[in-house]
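Encoded as structure tokens, the structure appears first; notes follow it.
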Amino acid sequence: MTLMLPAGGGVVVQGITGRESRFWTERMLSAGARIVAGVTPGKEGEVVHGVPVYHTVQRARRRHPAEVAVILVPAAFAKEAALEALEAGMQLVVWLTDGVPVQDVMAVVGEARARRASVVGPNTPGLAVPGHTMLGFVPVWLDQVWRPGCVGLMSRSGTLSNEVASHIVAAGYGVSTFVGCGGDPVVGTRFVDLLPQFEQDPATRAVVLVGEVGGSMEEEAAGWILRRGYAKPVVAYIAGRTAPEGKRMGHAGAIIAGSTGKAVSKEEVLRAAGVQVAEVPAAVGGLLQGVLQ
Amino acid sequence: MTLMLPAGGGVVVQGITGRESRFWTERMLSAGARIVAGVTPGKEGEVVHGVPVYHTVQRARRRHPAEVAVILVPAAFAKEAALEALEAGMQLVVWLTDGVPVQDVMAVVGEARARRASVVGPNTPGLAVPGHTMLGFVPVWLDQVWRPGCVGLMSRSGTLSNEVASHIVAAGYGVSTFVGCGGDPVVGTRFVDLLPQFEQDPATRAVVLVGEVGGSMEEEAAGWILRRGYAKPVVAYIAGRTAPEGKRMGHAGAIIAGSTGKAVSKEEVLRAAGVQVAEVPAAVGGLLQGVLQ
Amino acid sequence: MKLFEWEAKAVFREHGLPVPRGRVVKDPEEAAAVAQELGRPVVVKAQVLSGGRGKAGGINFAGDPAAAQAAAARLLGMMLAGEPVRSVLVEERLDIAREFYLSVTIDPALPAPVLMVSGAGGIDIEKQAATTPQLVFTQPVEIARGLQGFQVWNLLADAGLPPAAMHQGVTVATELFRLFRQRDAELAEINPLALTTAGSLVAADAKLIINDNALFRQPWVPRTRAHFDHDLEYEAAQHGLNYVKLSGSIGLLCTGAGLSLATLDLVAREGARAANFLESGGANYRNAYHGLRLVLGDPEVKVLLINTFGLVSRADVICRGLADALKELGTVKPVVAAIRGTGEEEARRIFWEELGIASCPDTESAVRKAVKMAREAQ
Amino acid sequence: MKLFEWEAKAVFREHGLPVPRGRVVKDPEEAAAVAQELGRPVVVKAQVLSGGRGKAGGINFAGDPAAAQAAAARLLGMMLAGEPVRSVLVEERLDIAREFYLSVTIDPALPAPVLMVSGAGGIDIEKQAATTPQLVFTQPVEIARGLQGFQVWNLLADAGLPPAAMHQGVTVATELFRLFRQRDAELAEINPLALTTAGSLVAADAKLIINDNALFRQPWVPRTRAHFDHDLEYEAAQHGLNYVKLSGSIGLLCTGAGLSLATLDLVAREGARAANFLESGGANYRNAYHGLRLVLGDPEVKVLLINTFGLVSRADVICRGLADALKELGTVKPVVAAIRGTGEEEARRIFWEELGIASCPDTESAVRKAVKMAREAQ
């Protein structure tokens, strides 16, 4: 199986009966996701796009082997849903919910660590292997934007990932696996968690990192590469060079405080680690052509 | 090292500065216990019978390697003290405190399981290896009562253990290791946890189990022996044949409810498992002579 | 500490758990008044702590206030399993479609709290667990983590709670667990949990036992005379002593519960009966004094048997306290003693020199001597 | 959501944390009255959200009510780091023997809350952590387990809190952590934590930031105009929008924070400046309406640039909302759009057929077009 996705790979969608959830369930199914069951407490027995619904993840799992949970429940209930998935033994939780209180995120990621499970998100567009599967909100069916290929893509942003993916495709490449880390300051999977996975993934020849102002995920990644070396070329683009200091810019993670977290300083440490840094999203394509010759 | 006691075996006494604690610290030291430090928050720098006192177990452990915590703090603070010992990495917690709320006991034993550490007690007289060490309130210096020997002794009661030990000594034997499981309904170490340890202990030739009315620790032990067999002879005495039903008799564990927990039914299942059952404490000596010929 | 049904239901109400409307009363006129207020058929339930109340006739239905008054008159003052009915609970009679069982209790072997549900309510759960275990569903709860919502969903769905009642069922079970934790309960039980014909869940009965060790942090727990079987047991509780009244002539004062139980058995083996079980908690003088006062205050006691094996409580400290208390109480009843443990020489010296009592060498000889003296005293 | 010092101290007080006596006032006479009430030297502190207040002269000592009044008169209405001083906090001046630093914050890399203590208070903790890390002591806390008492003891002892202050220090740190958890804080900071000459600890300053995502369950959090830098930002917050006022001529409405940031950068690269950052949270019509109203309501805006890459929010749904809102608002300002994402054909059709706006093929071309039009409009 591919990067981040456990073998077997049956998927349970939590909060499947919501209006938007139904839409995205259908999209995920048609993008290849093996959704075997849905969960909404009180709705056991319903069926959504052919997917049977259960009260709880555990009950779903009794009937349908599954290792991946996709969470589409509202922020107020998102912590409990994620803990339920972990408790039920899920190995990967794709936590799509936006607006989760940060202390709830810490509680869930702490629990996942204790169980050696992975959490992607929250506030993530999800992950995708174009041509193979998609868990989240990634429009892999737009073929000007997403195509299968050899570039591993990881990003803190959703829409900007599409923008960058479209430039990867325009440059003649495609994406091996895309993982949206999520826009919150605390997330379950950080760039440093993904770097070794992309390095080992035979389908990936180069990695594109899409960062933004605020936080320290890019600095961590640069530090990790610098200490350890990296077997594949890495290209980065960092949004928010012109963002004013001390203001929250959309993503809760995107606040610059003091000298850390500025876009230009992130670019500097990435360059020092040998990463090719694109000044605009469109430049990612050219840099990839350079490193993949 | 001997049964239940981790190698190295440095001991930290929590709550060492109390009046009774000072008395028992001195007794434990003279009975051979390797007490390397004491803990009382706010009393760091004091010295009790030559033992240096620290604010916390962790601070004590930075200076003095230790694997065993003996807890002598009052019930209201006993849970936090036990969790502190486990968190600091102690492998064995001898929880002497009496009157600990049962939900606190469950929390601590749950934590110990998660950390693969052992808890003896609460509400226990502790444990003793006569002639070698003593952690708790066992008067090993009374040589009509406690002598080194080949009999493993485990009990739910304190004073009754002395009574039985004196009959073991009167019959010409001594005790290899004594473990007081504690008189509460929920305890960290049950008879079934000790049986395999006594079986493997080369110093132990026979095991004496001192039970009482209420709970199901004796039934569990009998069931375990019946399923698995046992390589050493076992002698039991059960107190409380004549206790009225439905009343709490001292030990919180000693309530008979329905058909389970009665002293006579405990005796029956133990006999069915091949255990020699003494009708009075004094009969333990004779039964031991029988099985140890 | 076991609570009366009406007390348990008051706690349930504070936690927002659904209980029938009604009130506890102490006389038949009040029972009629409550029935009048409720304006519908009622159930009149004897308030006793012992089990098996229903079979013994302690639960009566009444269609109108007059019938409620008659039922209350019949129950009040009646003895149920040796316990006087001091009050009755008058509640609206529920229209029950189906009964469930729901409880939180402790499994000492795990150890952990366990949420337990059965689709067959109003039954003896222990019997059911033994005979039809497939109908009893349990969920152990890790204390550090707490009860998770999905665990409750799983359990209730497995137990066959109808889909329409699931949301309320989850709320009820979750709150029952919270109550169990916050109140330091050993048992919080709803049996039966009634599903009414209107589709809602109501706790038709309520049982709550609070852990004695936690009473220091649960000051709300009632401890009236009615919560004890005997005046002496009630008085003992005021002094933090665990005293159980038995019917015999040998008053017992032993150190440690195990040794006390064994001594009790040995007395019975000698063909006599002990007057009490008493575990004298600590070593201090006031404990010794109150313990002795209780034992000697029982008119059935002919002989006092003291059996110590000083451990946490040292023999010398215990015997110092006992000697002082005996002198203060100035008893004329004979005393037999077996004194052993840490500080035993000093302890024996005190008893001999100050009271003229010689210690027996062991429990057996002391028991035999006490039984002999009790026979002679009769 | 960042709170003012006086608001944070009010929360601290509710949690029993020691704060100086005093009150927040809005005019100089009141400041004098508070100083009079306190009856001792005071400190008059400008209440602003931005940092560096002390260096900028925002903290004044006053020996008597007249001096307090004068200090308040000087501060009130003053600008500190671009922020008007709307109120001052008048507090008793502490006799400080030593200063400590104490906070609970989040380490996103662990991730976990971290209790942080330093024996040198009143300092820039980030600078200290960088230059003298051996003076900064940290204890990460597992959320599931909570902060343990002994962890606090360890930390405070390591940081060199004097033995006599340990018990109070443990209480303060434990309660600060509880506050952090119960209030959904991102930061709860006491800097300095003053040890007075009388030996007690007092929170001389207080900083509290509440996590925006948790505001739905923290209804007490104040969100007045004073908490925002600009009228438009305050208004945006009323509608749940994250709007940041910038000083430029191109109004931005983009989907997603990342694309918004990238568009901002591209506008700057073209030598122009954006008038705002706006992340239009959701797809619904009211969001689109309020977002557009804010952007177009800014008189500096010459051109509106719409850049979508419909994702969670589908392009067709977003554009339907935008088109309706544009018609309702009836703007005369020129509009440039780049429309991509799920449902993009339908989205482009709506814009073209209903508004006569043709979508640009990509972000770059849309930005260039908008910058050109903005220049022409000046």
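Reminder, nothing fancy here: chain letters follow the sequence lines and each chain counts from 1.
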Could you have a look at [options] and say which one has the most heavy-atom pairs with chain D under 4.5 angstrom?
options	answer
A/Val164, A/Ile238, A/Val186, A/Leu160	A/Leu160
A/Asp104, A/Val192, A/Val145	A/Asp104
A/Gly110, A/Ala76, A/Ala75	A/Ala76
A/Leu96, A/Val100, A/Val109	A/Val100

Please report the interatomic distance [atom1]([X]) to [atom2]([Y]), rounded to the nearest 0.5 Å.
X	Y	atom1	atom2	result
A/Ser166	D/Phe309	OG	CZ	5.0 Å
D/Leu259	A/Ser161	CG	OG	10.0 Å
A/Asn162	D/Arg340	CG	CZ	8.5 Å

Around atom [atom1] of [X], are there more than 12 heavy atoms from other residues, nucleotides or ligands closer than 6.0 Å?
X	atom1	value
D/Arg223	CZ	no
D/Arg273	CZ	no
D/Phe228	CZ	yes

Beyond-backbone contact of [X] with [Y], side-chain heavy atoms, under 4.5 angstrom:
X	Y	answer
A/Arg27	D/Thr342	yes
A/Arg190	D/Pro108	yes
D/Leu246	A/Pro244	yes
A/Arg113	D/Pro111	yes

[X], part contacting chain A, at a heavy-atom distance under 4.5 Å:
X	answer
D/Leu215	neither
D/Ala274	neither
D/Glu233	side chain

* Quickly, which of D/Asp212, D/Asn213, D/Ile106 forms a side-chain contact (heavy atoms from CB on, under 4.5 Å) with A/Val102? Name it, please. =>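 Passing option: D/Ile106.
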
Looking at [X] and [Y], what are the two nearest heavy atoms and their distance?
X	Y	result
A/Ala239	D/Ala262	CB-N, 3.9 Å
A/Glu220	D/Ala109	OE2-CB, 3.7 Å
A/Ala282	D/Glu364	CB-OE2, 3.3 Å

* Check step by step if side-chain contact (heavy atoms from CB on, under 4.5 Å) holds for D/Asp265 and A/Tyr237. => CA-CA 12 Å; D/Asp265 291 348; A/Tyr237 167 72; 3.9 Å; yes

With no hydrogens and no angle check, is any side-chain donor or acceptor of [X] less than 3.5 Å from a backbone partner on [Y]?
X	Y	value
A/Gln103	D/Phe180	yes
A/Arg241	D/Ala268	no
A/Thr159	D/Thr255	yes

* Would A/Glu163 and D/Thr363 satisfy side-chain contact (heavy atoms from CB on, under 4.5 Å), going step by step from the backbone distance to the final call? -> CA-CA 8 Å; A/Glu163 178 86 23; D/Thr363 303; 2.6 Å; yes

* **chain A contacts, top residue of D/Asn307, D/Thr263, D/Asp229 (heavy-atom pairs, under 4.5 Å)** =>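 The residue among D/Asn307, D/Thr263, D/Asp229 with the greatest pair count is D/Asp229.
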
* Asked: Taking every heavy-atom pair that is under 4.5 Å apart, which of D/Ala185, D/Ser50, D/Ala144 has the most such pairs with chain A?
  ->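 The residue among D/Ala185, D/Ser50, D/Ala144 with the greatest pair count is D/Ala185.
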
